[in-house]
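Each ligand, and each atom within it, is numbered from 1 in the order the structure gives. Just so you know, residue 1 is the first one in the sequence shown, and it goes up from there.
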Amino acid sequence: MTQGRATQETSEQEGRPLLNRRLAAFGTTIFAEMSALALRTGSINLGQGFPDTDGPEEIREAAVRALRDGRGNQYPPGPGVPELRAAVAAHQERFYGLSWSPETEILVTTGATEAIAASLLALLEPGDEVIAFEPYYDSYAACIAMAGARRVPLTLRAPGFRPDLDELRSLITPRTRLLLLNTPHNPTGTVLTPDELSGIAALAVEHDLLVVTDEVYEHLVFTGAHHPIAALPGMRGRTVSISSAGKTFSYTGWKVGWVTGDAALVAAVRSAKQYLTFVSGGPFQYAIAEALALPDTFFTGFLADMHRKRDLLATGLRAAGFQVYEPEGTYFITTDIAPFGDEDAYAFCRALPERCGVAAVPNSVFYDDPEAGRSQVRFTFCKKDEVLEEAVTRLGRLTG
Ligand code: PMP
Ligand code: GLN
């Protein structure tokens with residue numbers, strides 16, 4: 001992985017680098033780098049995925065109420081406040097027919113990011129192999145490295161970005177401990193089909209593998225539907241499912257996430273979580289408990305809005321000359337810059353703000369195989385229509 005740039009500072013001690021070997025390749029996340037560049041150049045930031053409009057007003061008011069009423073202002077319970085655990089259970093039942101015990105099978109975390117870290121730190125021994133789809137969401141590679149494990153990529157290749165299950169089978173070795181899934185997938189927008197999920201589940205059962213599945217974009221599916229792998233035969237006892245409130249409710253700054261799974265798995269993840277953050281921030285948990293219970297019209301309205309934005313940006317990017325890979329889910333569009341005669345996505349993204357006042361993210365940094373995503377650039381569409389329209393106008397000047 002060619003993530004960011006490694007920190008070069010050295011200590012007095014024989015020029016030894018300060019950042020340890022496990023993290024040396026993970027100096028600065030690409031999101032921080034490109035957002036800083038957007039800020040410095042006054043560009044429209046279609047790089048880092050955060051909405052420019054806050055989520056539902058009543059949910060914000062619920063957070064204010066919790067703060068004022070002193071709910072969650074002191075350490076909340078380790079597994080999360082009971083109201084949120086009950087709401088996560090009800091949400092999983094309502095959308096997927098899955099039943100989890102709020103007492104033993106749900107853990108509230110500080111965003112999905114902590115859930116990923118705690119799961120990998122809890123479940124992996126040094127030397128274990130983890131198979132994950134590349135391009136990877138950046139924290140996967142870093143957390144696998146922090147756990148001392150080894151990542152083994154299954155490359156999703158353009159144009160379809162589908163996982164090849166024969167290739168997956170060929171990657172499994174006696175050291176393979178865990179499959180790390182992400183559906184809907186950031187950055188490609190791939191949504192795993194029921195057939196793909198069944199094939200993956202069958203391999204997990206056959207080889208007795210654990211599965212950690214990151215489903216933070218569960219409510220952002222435009223083509224097909226979201227199916228949790230935990231619901232498939234043989235998977236309940238081996239799957240840790242992760243989601244969070246950031247994307248679904250457009251409050252990415254609140255960092256409320258959760259884990260669901262069999263009691264033994266959740267207990268293991270809780271052990272690691274205790275020593276990462278002990279407990280997660282309190283008042284927002286009460287507000288997200290209310291958010292999860294919003295009526296269906298909220299979820300369908302949010303999806304319809306994002307669908308329209310996806311089409312707006314995809315059309316604009318095509319008109320500007322990009323090759324567009326239409327996403328089935330998430331709020332990202334992966335493009336190819338080959339039509340511009342460019343092939344280095346990282347260099348393209350570093351220059352883009354100066355060239356036309358728009359920031360994006362190079363997918364190339366999410367691959368171990370530098371060739372596989374060399375010319376891919378990701379844009380987000382979770383922005384106001386007028387911002388997206390201005391961005392495509394600016395991008396239209398690239399060829400002009
Ligand atoms: N997983 C994926 C695939 C993501 O895109 C993100 C970014 N939101 C996260 C996890 C992190 O989620 P959170 O902000 O809830 O920590
Ligand atoms: N998930 C968002 C993205 O992929 C934000 C990630 C981040 O800033 N760490 O853009």
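- Proximity to K255 (heavy-atom distance under 4.0 Å) selects the following atoms of ligand 1: 13 (P), 14 (O), 16 (O).
- Residue K247 has at least one N or O atom closer than 3.5 Å to an N or O atom of ligand 1.
- The pair R308-D305 meets the salt-bridge criterion, since a charged nitrogen lies less than 4.0 angstrom from a carboxylate oxygen.
- For the pair T29 and ligand 2, no heavy-atom separation below 4.0 Å is found.
- Taking a 6.0 Å sphere around CZ of R238, one finds it holds more than 12 heavy atoms contributed by other residues, nucleotides or ligands.
- Among residues two or more places apart in sequence or in another chain, the salt bridge (Lys or Arg N to Asp or Glu O under 4.0 Å) test is passed with E196 by R162.
- Between T252 and ligand 1, not a single N/O pair is under 3.5 Å apart.
- Checked by distance only, ligand 2 and D138 stay at 3.5 Å or farther apart across all their nitrogen or oxygen atoms.
- Protein heavy atom in closest approach to atom 2 (C) of ligand 1: D214 OD2, 3.3 Å.
- At a 4.0 Å heavy-atom cut-off, ligand 1 does not touch I242 at all.
- A cation-pi arrangement is present between R350 and Y346, with the terminal nitrogen or guanidinium carbon under 6.0 Å from the aromatic centre and inside a 45° cone about the axis.
- Contacts between F332 and ligand 2 below 4.0 angstrom, taking non-hydrogen atoms only, involve the side chain exclusively.
- Under a 4.0 angstrom heavy-atom cut-off, Y137 registers as being in contact with ligand 2.
- Only the side chain of S244 comes within 4.0 Å of ligand 1, counting heavy atoms alone; its backbone N, CA, C and O stay farther away.
- Heavy-atom separations between Y217 and ligand 2 include at least one value shorter than 4.0 Å.
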